[in-house]
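First the structure, in the form of structure tokens, and then the observations on it.
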Amino acid sequence: MEKENLRPTWLEIDLPSVAANVALLKARLAPATGLMAVVKANAYGHGAVEVSQTALAAGATSLGVALPEEGATLRRAGIGAPILVLGPASPDQAAVVSAASLTQTVYSHASLEAMSKEGVAGGRPVAIQVKVDTGMGRLGVRPDQALAFLRRVAHDPGVRLEGVFTHLARADEPDPAPTRRQLAILERLRRETARAGIPVPVWHAANSAAAWRFPESHLDLVRVGIAVYGLDPFPGFSGDLRPALTWKTKIAFLKEVEAGTPLSYGALYHTPDRARIATLPVGYADGYARSLTNTGLVLVGGRRVPVVGRVCMDQLLVDVTAVRDVREGDEAVLLGNQGDERITASEMAGWRGTVNYEVVCAISSRVPRTYRKR
Ligand SMILES: *Cc1c(COP(=O)(O)O)cnc(C)c1O
């Protein structure tokens, strides 16, 4: 692993774990079902280029991004696999879609027109997929207007229809009914489209939670993000996914303080007894949330130690009194394993009142990523 010239706060991304997660997910699919690795937001903070290459080598058949620019970045890295832009594109972004040979999601007449114009002007139809809103309420053509929309798409010389999809809003919840209702709406449209003789190469609906819990949602391909990174796709998940990300730092400064010593901004913490306090060179500018003030836990010497006082922009403090033989320069683990202890993104999300997705996406670009390749 390349570790030269790094600040002593970094991520270790275990690419074999990404590959193992893709293989585990693929094993749950029928052989002909595709697997789109969703690598938006820099692969949920893990590094889009490295994760994409690894996922494709492990059997992913396409990639999903949120923005045209994210797709263009992958193309510049030499990735040739199909890339679907899952989010909206403005008319100005149509040129990026076309130049990078991406597939753009369209969900309205205006979004279709923007891509069609680009395709006609460039003399090469823009690849599109149509998103149908079956219950997410975010982007998508209404189901009762979808057939007419697909007819129009089929006759538009500026675009080439590659697929139709929907997004599930509640596949991570225990009650399967809302997911089944959404799938039934898509299935009805699929039958109507077939009857109307409109050729649609692929239909898809499943995110990670649905791919795991609802085999009937797999259709022609599944779009998996969070599970590729080995993070729980729904509460109470128990499977063999392997978290790929470890977030580490090193103790910058260590001191012994008297009882009653105020620590950090606002003196929100006073040591109850004599204590040994470690300063870690990581803060909210790195994505370690300020809301973990007096709340977070960090692994030092294989033990969980508490964050004491305010989390600052670039530093935070932990009480390491309970750790034997602790020294400046010792590793501290913010997320991941150390010895027999482990802090998961889901656990940290619980402390912060959010989800594991946000915990990893929030780790800022200031934190260097290192990659274990084998
Ligand atoms: C982000 C996203 C996914 C992946 O969701 P996970 O829960 O991370 O598997 C799939 N489809 C769409 C449209 C998305 O925006």
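Every number for a ligand or one of its atoms is a count from 1 in the order of the listing. These numbers were taken from a predicted model, which means no experiment stands behind them.
Judged by the 6.0 Å and 45° rule, Arg223 forms no cation-pi pair with Phe165.
Contact annotation: for His167 versus ligand 1, heavy atoms closer than 4.0 Å belong to the side chain alone.
Under a 3.5 Å cut-off, the side chain of Asn21 and the backbone N or O of Val228 do form a donor-acceptor pair. Side-chain atoms of Thr166 come within 3.5 Å of backbone N or O of Val132 as a donor-acceptor pair.
Using a 4.0 Å cutoff on heavy atoms, His204 does not count as a contact of ligand 1.
Distance check: Ser108 OG to Lys131 NZ gives 12.5 Å after rounding to the nearest 0.5 Å. Rounded to the nearest 0.5 Å, atoms CG (Asp319) and OG1 (Thr271) are 8.0 Å apart.
Hydrophobic clustering (ILVMFWY, side-chain heavy atoms < 4.5 Å, transitive): Val360 and Ile343 are in one cluster.
Among protein heavy atoms, the minimum distance from atom 9 (O) of ligand 1 is reached at Ser208 OG, 2.5 Å. Looking only at heavy atoms of the protein, atom 7 (O) of ligand 1 is closest to Tyr357 OH, 2.6 Å. Here the heavy atom of the protein found nearest to atom 3 (C) of ligand 1 is Lys40 NZ, 3.7 Å. Annotation: atom 10 (C) of ligand 1 to nearest protein heavy atom, Arg223 NE, 3.5 Å.
Summarising the geometry of Ala114 relative to Pro91, their closest heavy-atom pair is CB-CA, 3.9 Å, with the distance given to 0.1 Å.
Near Tyr44, meaning under 4.0 Å from any of its heavy atoms, are these atoms of ligand 1: 1 (C), 4 (C), 5 (O), 6 (P), 8 (O). Numbered from 1 in the order shown, with element, the atoms of ligand 1 that lie under 4.0 Å from a heavy atom of Arg138 read 15 (O).
Using the six-membered ring where Trp is involved, Phe237 and Trp212 have ring planes that are perpendicular, over 60° apart on the 30 and 60° scheme.
On a distance-only criterion, Lys131 and ligand 1 share no N/O pair closer than 3.5 Å. The distance criterion of under 3.5 Å between nitrogen or oxygen atoms is met by Gly225 with respect to ligand 1. Considering backbone and side-chain N/O of Ile226, one or more are found under 3.5 Å from N/O of ligand 1.
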